[in-house]
Number of protein chains: 2
Amino acid sequence: MEAQYDVAKNCLFSKTRTVSRYITNLYTDGLKEVGLTPVQYSMLTAIQVLEEANINGLASALKMDRTTINRNLKPLVRDGLVFINESIDRRERLISITKEGIELYQKGYASWQKAQSDFKDILGEEKRDEMTKLLDEVIAVIGKK
Amino acid sequence: MEAQYDVAKNCLFSKTRTVSRYITNLYTDGLKEVGLTPVQYSMLTAIQVLEEANINGLASALKMDRTTINRNLKPLVRDGLVFINESIDRRERLISITKEGIELYQKGYASWQKAQSDFKDILGEEKRDEMTKLLDEVIAVIGKK
DNA sequence: GCTTACAATGTGTATATACACATAAAAAGG
DNA sequence: CCTTTTTATGTGTATATACACATTGTAAGC
């Protein structure tokens with residue numbers, strides 16, 4: 001088979017990326033009413049669960065590059081949803097959610113639930129569960145690396 | 001369950017996005033030796049398969065936003081991999097791959113194959129096939145929207 | 001033919017992503 | 001203590017993404 005048809009049919013990167021873009025847009029639409037992106041929402045999630053994590057800790061928990069965490073924190077700090085404290089170890093900075101952040105997060109929870117529910121309606125509960133299971137397995141495997 | 005633990009455990013957006021980031025990095029590493037990103041590689045794929053598509057046609061085939069296509073074409077044109085022709089319909093522009101583009105694409109094919117193969121080794125053939133099937137199903141469902 | 005509708009594209013802006021490189025502070029080794 | 005190494009972070013640069021808004025050209029209705 002010629003290369004371009006092989007890639008067009010079988011590329012796991014582009015398939016995954018296409019699905020990722022679509023789901024991102026779905027959640028973006030839902031969370032728009034509270035003015036948060038889905039990435040910001042997932043970061044606020046980790047910030048609350050971890051409590052006073054540093055940037056490397058957040059990067060590890062979210063499986064994102066630490067420089068991406070650094071950059072993505074800026075709008076959250078700017079909008080008063082997150083604050084950053086000094087640490088005894090003066091190299092690191094400790095990230096926490098603010099009162100306003102918690103309030104907005106709670107407000108966004110309904111939007112997030114609706115996006116989850118919409119996706120279930122679109123895909124069907126069975127396929128949705130299959131997908132969740134598979135994604136967890138993939139994340140577990142890549143987490144070992 | 002409190003919101004943040006619900007989101008941390010069950011969010012299909014963040015699971016998909018995490019896997020997408022990981023796979024992107026895997027293919028990025030492989031294609032780095034030819035100086036292409038995986039997104040560029042998949043765009044060059046569609047440009048060859050479609051032959052003289054316009055921007056909307058590429059956007060539709062790749063399921064990407066047309067403004068993203070527009071922006072992503074620029075480095076490809078700059079690097080001489082793609083050229084853009086006028087059309088009889090003077091609103092549209094027809095996108096084609098250049099000789100250099102084809103050569104680089106062929107060179108990148110081995111890297112792409114290796115990334116595909118590496119992912120198979122990491123995940124296992126069975127799970128890889130399961131994932132391919134599921135992604136195709138999801139893309140088919142969202143394509144109807 | 002003229003006006004109106006629609007279609008194709010471009011641009012401003014904002015977030016998301018990650019590599020390469022640099023800096024500063026703590027820890028380790030002697 | 002002083003040097004070396006490691007750790008935590010910041011920044012420059014480049015690509016990727018998509019919405020809102022604007023422009024231009026074609027098609028449709030009359």
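None of the values given here were measured: they were computed from a predicted structure. Naming convention: chains lettered A, B, ... in sequence-line order (proteins, then strands); numbering from 1 in each chain.
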Looking just at side-chain N and O atoms, do Q116(B) and Y27(B) make a donor-acceptor pair shorter than 3.5 Å? yes
Result for 5'-nearest mapping on DNA chain D, choosing between R17(A) and G57(A), is G57(A)
Please classify the nucleic acid contact of R66(A) as base, sugar-phosphate, or nothing, using heavy-atom distances under 4.0 Å. base
Closest non-hydrogen contact found for Q4(B) with T45(A) is O-CG2, 3.2 Å
Between D29(B) and R93(B), whichever has its closest DNA chain C nucleotide further toward 5' is R93(B)
Nucleotide dG25(D), atom C1' - distance to CD of E86(B) in whole Å: 12 Å
Touch class at under 4.0 angstrom, heavy-atom based, for R71(B) against every strand present: base
For the base of dT7(D), is there a side-chain donor-acceptor partner from R91(A) under 3.5 Å away? yes
Toward the 5' end of DNA chain C, which comes first, K32(B) or D89(A), by nearest nucleotide? K32(B)
Apply salt bridge (Lys or Arg N to Asp or Glu O under 4.0 Å) to the pair E86(B) and R90(B), showing each step before the final yes or no. CA-CA 7 Å; E86(B) 306 282 301; R90(B) 280 161 53 205; over 6 Å; no
Phosphate contact (dT7(D) OP1 or OP2) by R90(A) side-chain N/O below 4.0 Å: no
Could you check how far CD1 of I69(B) sits from P of dT9(C), rounded to whole Å? 11 Å
Comparing L94(A) with R21(A), nearest DNA chain D nucleotide closer to 5' gives the residue L94(A)
Rounded distance (Å) that lies between atom P of dT15(C) and atom CE of M64(A): 14 Å
Does the side chain of T68(A) get closer than 4.0 angstrom to OP1 or OP2 of dA16(C) through an N or O atom? no
Rounded to the Å, how far apart are D79(A) CG and dA14(C) P? 12 Å
Any N56(A) side-chain N or O less than 4.0 Å from OP1/OP2 of dT7(D): no
Do the side-chain N and O atoms of D65(A) and T67(A) include a donor-acceptor pair separated by under 3.5 angstrom? yes
side-chain N/O N72(B) vs dT15(D) OP1/OP2, d < 4.0 Å: no
Does N70(B) have a side-chain nitrogen or oxygen under 4.0 Å from the phosphate oxygens OP1 or OP2 of dT9(C)? no
Phosphate OP1/OP2 of dA18(D): any T28(A) side-chain N/O under 4.0 Å: no
To the side chain of N25(B), which of dT9(D), dA18(C), dA18(D) is closest? dA18(C)
Looking at CD of Q40(B) and CG of L76(B), how far apart are the two atoms once the value is rounded to the nearest 0.5 Å? 5.0 Å
So, K99(B) and E103(B), do they make that salt bridge, N to O below 4.0 Å? yes
For the pair E137(B) and K133(B), find out whether any cationic side-chain nitrogen is under 4.0 Å from an anionic carboxylate oxygen. yes
Other residues, nucleotides and ligands only: do more than 12 of their heavy atoms fall within 6.0 Å of NZ on K114(B)? no
NA contact type, I88(B), heavy-atom cut-off 4.0 Å: base, sugar-phosphate, or nothing? sugar-phosphate
Under 4.0 Å, heavy atoms only, any strand: does T67(A) hit a base, just the sugar-phosphate, or nothing? base
Does K74(A) put a side-chain nitrogen or oxygen below 4.0 Å from OP1 or OP2 of dT11(D)? yes
Whole angstroms only, please: what is the CG-C1' distance between D65(A) and dG10(D)? 13 Å
Strand contacts (DNA chain C) in residues 95-107 of chain B, 4.0 angstrom heavy-atom criterion: none
Could you tell me whether the phosphate oxygens of dT15(C), OP1 or OP2, come under 4.0 Å of any side-chain nitrogen or oxygen in R78(A)? yes
